[in-house]
Novice: 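Have a look at this one.
Within every chain, numbering begins at 1; the chains are lettered A, B, ... in the order of the sequence lines, protein sequences first and strands thereafter. Values reported hereafter were calculated over all heavy atoms of this structure, with side chains retained and with hydrogens, waters and symmetry mates removed.
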Amino acid sequence: MKILAAMSGGVDSAVAAARAVDAGHDVTGVHLALSAAPATLRHGARGCCTAEDAHDARRAADVLGIPFYIWDLAERFRADVIDDFVSEYAAGRTPNPCLRCNEKIKFTAVLDKALALGFDAVVTGHHARLVDGRLTRSVDPAKDQSYVLAVCTQRQLASAMFPLGDSTKTQVREEAAARGLAVADKPDSHDICFIADGDTRGFLARRLGAEDGPIVDAETGDVLGTHPGSFGFTVGQRRGLNLQRPTPGGDPRYVLSIRPVDNTVVVGSREMLEISQVRAEPVVWTAGVAPGERFTCSVQLRAHGMTSPTTVTVNGPVVTAVLDTPQVGVAAGQALVMYDGDTVLGSGTITAAQRTADVPA
Amino acid sequence: MMPYLDHAATTPMLAEAITAVSRAMGQVGNPSSLHGAGRAARRSIEESRELLAASLGARPSEVILTAGGTESDNLAVKGIFWARRAADPRRRRVIASSIEHHAVMDAVEWLVEHEGADVTWLPVDAHGLVAPAALRAALARNPESVALVTVMWANNEVGTVQSINELAAVAHEYDVPMHTDAVQAVGAVPVDFAASGVDALTMTGHKLGGPPGAGALLLRRDIACVPLLHGGGQEREVRSGTLNVPGAVGLAVATSLAVERREVVAARVAALRDAIVDGVLAAVPDARLHGHPTARLPGIANLTFPGCEGDALLMLLDARGVECSTGSACSAGVAQPSHVLIALGATPAQARGSLRFSLGHDSTAADVDAAVAAIVPAVERARRAGLTSVVS
Ligand SMILES: Cc1ncc(COP(=O)(O)O)c(C=O)c1O
C-alpha cells in the first residue's frame with residue numbers, strides 16, 4: 001500500500017514509519033508544520049512543532065530511506081486547534097487540544113489530503129491498537145492514547161494504521177536504538193505543543209486579558225479571595241487558589257466551576273466536586289454504531305483518568321452517563337469516552353455534569 | 001537518469017572542473033606559506049583569479065574569493081553599508097529590489113534590525129523588472145542618505161533579467177555604489193563586470209558547473225568594504241581565511257568554460273525550456289507562466305497551476321522521478337508564499353501553487369518529455385487535494 005507516515009520528530013512516529021516500511025509498504029514521511037514561526041516558538045522545551053523537531057523527523061526519514069516532506073498546516077492548526085482552545089477556555093470549559101488536533105488536523109486535513117493525493121492510509125505513532133477495525137487501548141496502559149483518538153469515525157479509522165499498539169514505550173525506544181534512529185532517547189513531549197513555556201495561564205491571559213475577580217464559596221456565596229483572571233483554572237484544581245480563610249472544618253477547597261461571564265471562580269469541598277451524571281455531545285460512535293439505546297460500559301472522563309462503570313442512555317446526538325461511583329475533576333469541554341473492556345465504543349464532549357448531591361434519587 | 005529539473009538550485013559539476021578540483025586536492029600547500037609548496041598553491045590561486053577575472057570582464061585585483069553566493073552577498077551589502085556610513089553617518093539607507101534572494105534580503109533586514117538602517121524596497125512590474133525611473137525616484141528623494149543600491153542581475157525564481165547597466169548608471173548619477181547578485185546570470189547571459197558599471201558583483205560556482213562552497217565577490221578597487229570575517233587578511237584585507245585552493249581552481253575552470261560555451265548551451269537550454277512551457281500549457285491550459293517574455297534566463301520556467309498546492313505537485317512529481325522545486329527553499333522546509341511572486345502581483349494562493357522547472361547544461365529533450373508527461377496526472381491529483389493549508 002501507499003502509506004503516508006505523519007512524523008512529528010519523536011521516537012514513536014519514527015518507529016511507526018519504520019514498521020510500515022518493514023511491512024512492505026511504499027511509505028512517504030511528512031512532518032506537519034503547525035506553527036507559523038517554528039524557530040521562535042519553543043526554547044528548550046519539548047513540543048511537536050519546533051524547527052528541531054522537523055530536523056529530527058527528516059533525519060529519521062533519511063535513515064529509513066523514504067521520501068520526506070513538510071506540510072504547512074499552521075493556518076489550519078491555528079484556526080481549528082489554538083483558536084478553539086482559547087474560545088473554549090473563554091467559555092469556562094477545559095478543552096483537550098490533542099484530541100482536537102487528531103479530529104481536525106491529523107484525521108481530517110492530513111488524511112483527506114493524503115487520500116486525495118493517492119495514498120491508501122496514514123500511519124501515526126499513537127499508542128493504540130486497531131483490532132478488526134476497532135480502536136483499542138495500547139498494551140502499555142501508561143502510554144495509551146485511545147482517549148485522544150476516540151473522536152475518530154469508522155471511516156477515518158479505516159484509513160489509519162497504528163503500528164505501535166502492541167508494544168510498550170520501552171520496547172519502542174529499544175527498537176529505535178537498534179534501528180540506529182537518533183531520536184531513540186529523545187524525551188517525550190508532555191505539555192501543550194503550542195504553549196512554549198508550559199504556562200497555560202500566561203498564554204490565556206495574553207490572548208484573553210486577565211482581570212482580577214472573586215473566588216466564591218459555592219454554599220455560602222461568600223467571597224473568599226481574589227484570583228488574577230479566571231481563565232486557566234480547571235475544575236478539580238486545588239493549588240494556586242491562595243485562600244486565606246480555611247473552611248470551618250479545615251478541609252481544602254477545590255475549583256467547582258468557572259463563570260467567565262462575571263469572571264468568578266466557584267470553590268467548594270471535595271464532596272461537592274463529586275459527579276455522578278454526565279452529559280456529552282455530539283456523540284461519535286467510534287466503533288460504528290451505538291450498542292443500544294441504553295447500555296452499560298465503562299467511561300473515561302479525562303486523559304489518563306480512571307474509568308468507571310456506567311449506564312449510558314442515548315438520545316440522538318446526546319449521551320447521558322450515570323456513573324456507578326462518583327468521580328471528581330470532571331470538566332466541561334473534556335471528552336467522555338466509552339469503553340467495552342479495552343475497545344472504544346464512542347465519545348462526546350462533556351457539556352454538563354451533575355453533582356451527586358443534586359441528582360434525584 | 002531521473003529528469004533533474006532543478007539546475008537553479010545547483011547544477012552538475014563539469015567533468016573538467018571535477019578533474020581540476022581532484023588534482024588540486026592532491027596538492028599540499030597553504031597559499032600564504034613562503035616555502036615551495038606554498039608558492040605552488042599561491043600560483044594555483046592567482047592563475048584561477050586571473051582566469052575568473054578574464055571570464056567576467058574584471059581585473060584580477062577585483063576578485064575576492066569567498067565561500068559562495070551567500071557570503072559574497074552578505075559581504076557586499078553589510079561591508080559597503082558599514083564603510084559608507086563610517087565615511088558619512090547620514091548614509092543609512094539601502095535601496096534594494098523587492099525580489100532579491102534571501103542572501104541579500106535577509107542581510108538588508110539584519111542591517112535594519114541591528115544597525116539602524118533604513119530600507120527602500122523597489123517595486124517590480126508584473127514581469128519582475130525594476131524600472132530605472134523607480135530607482136531614480138528613490139535616490140532623488142534624499143541621495144545623501146543612501147549607502148548602497150543592490151538589484152539582482154537575474155532572478156532565481158522567475159528568471160527575469162534586469163537592465164543592470166541602466167540601473168548602475170542611475171545609481172552613479174547620485175554617486176551611490178551599486179551591487180548586483182549575478183549568481184544566476186553568470187554563464188547564462190553575458191556578464192561583463194567592467195562594462196556593466198556595477199561596483200560589486202556576487203557570483204558562485206555551484207550554479208554553473210563548479211564546486212559548491214566556492215564563489216567570489218567582484219569589487220572595484222575604489223569601493224571601501226568592511227570585512228565580515230577578520231583574521232589573516234588573505235583577500236585584500238576584506239576577507240580572511242586560508243584560501244580554498246581546490247575550490248578556487250574548480251570555480252575558475254567551470255566559470256571560464258560556462259562563459260565560453262554560453263551561447264551554444266543557452267540556445268539549446270532555452271529551446272528545451274520553451275518545449276516544457278509549451279507542453280505544460282497545452283496539457284494544462286489554465287497554468288500561467290511567470291516572468292518576462294523576453295528578458296529572461298534560458299533555463300527557468302516558473303508556472304502557477306491554479307487550484308493546486310506547489311508542495312503537493314512537487315511530491316507527486318518526485319514520486320515519478322521528476323525533480324523540481326517550488327521556488328526557494330524556506331525555513332524548516334515550510335513553503336512560504338514566494339515574496340518574488342507576490343512582488344510580481346500574484347495572490348498568495350497563486351504563489352503557493354507554483355512550480356519552478358530549471359534546466360541546465362546537461363538537460364535533454366527526454367527530461368522535458370518526462371516532466372510534461374508527469375505533470376498532467378500530478379495536477380489532476382493535486383487539484384483533488386485542493387488547498388488544504390488554507391482555512392476555508
Ligand atoms: C540569486 C542567488 N543568490 C545567492 C544564492 C546563494 O548562493 P550560495 O548557494 O553559493 O550561497 C543563490 C543560490 O541559492 C541564488 O540563486
Novice: Closest heavy-atom contact between A:Ile70 and B:Asp311?
Specialist: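 Of all heavy-atom pairs spanning A:Ile70 and B:Asp311, the closest is O-OD2, 3.8 Å.
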Novice: Given a strict heavy-atom distance threshold of 4.5 Å, which part of A:Phe68 is in contact with chain B: side chain, backbone, both, or neither?
Specialist: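 Contact with chain B involves no heavy atom of A:Phe68 at all.
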Novice: By salt bridge (charged side-chain N to carboxylate O under 4.0 Å, His left out), which residues pair with B:Glu323, not counting sequence neighbours?
Specialist: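 Salt bridge (charged side-chain N to carboxylate O under 4.0 Å, His left out) list for B:Glu323, sorted by chain: empty.
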Novice: What distance separates B:Asp318 CG from A:Tyr69 OH, expressed to the nearest 0.5 Å?
Specialist: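 Spacing of CG (B:Asp318) from OH (A:Tyr69) equals 3.0 Å.
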Novice: Rounded to the nearest 0.5 Å, how far does CE of B:Met315 lie from CZ of A:Phe119?
Specialist: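 The distance works out to 3.5 Å.
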Novice: Count the heavy atoms belonging to other residues, nucleotides or ligands that lie under 6.0 Å from CZ of A:Arg59, then report whether that count exceeds 12.
Specialist: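 Incorrect, the count does not exceed 12.
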Novice: If I compare all heavy atoms of A:Leu117 with all of B:Ala312, which pair ends up nearest, and what's the gap?
Specialist: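 Scanning both residues completely, I find the closest heavy atoms to be CD2-CB, 3.9 Å.
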Novice: What is the minimum heavy-atom distance between A:Ala116 and B:Arg381, and which atoms define it?
Specialist: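 Nearest heavy atoms, A:Ala116 then B:Arg381: O-NH1, 3.4 Å.
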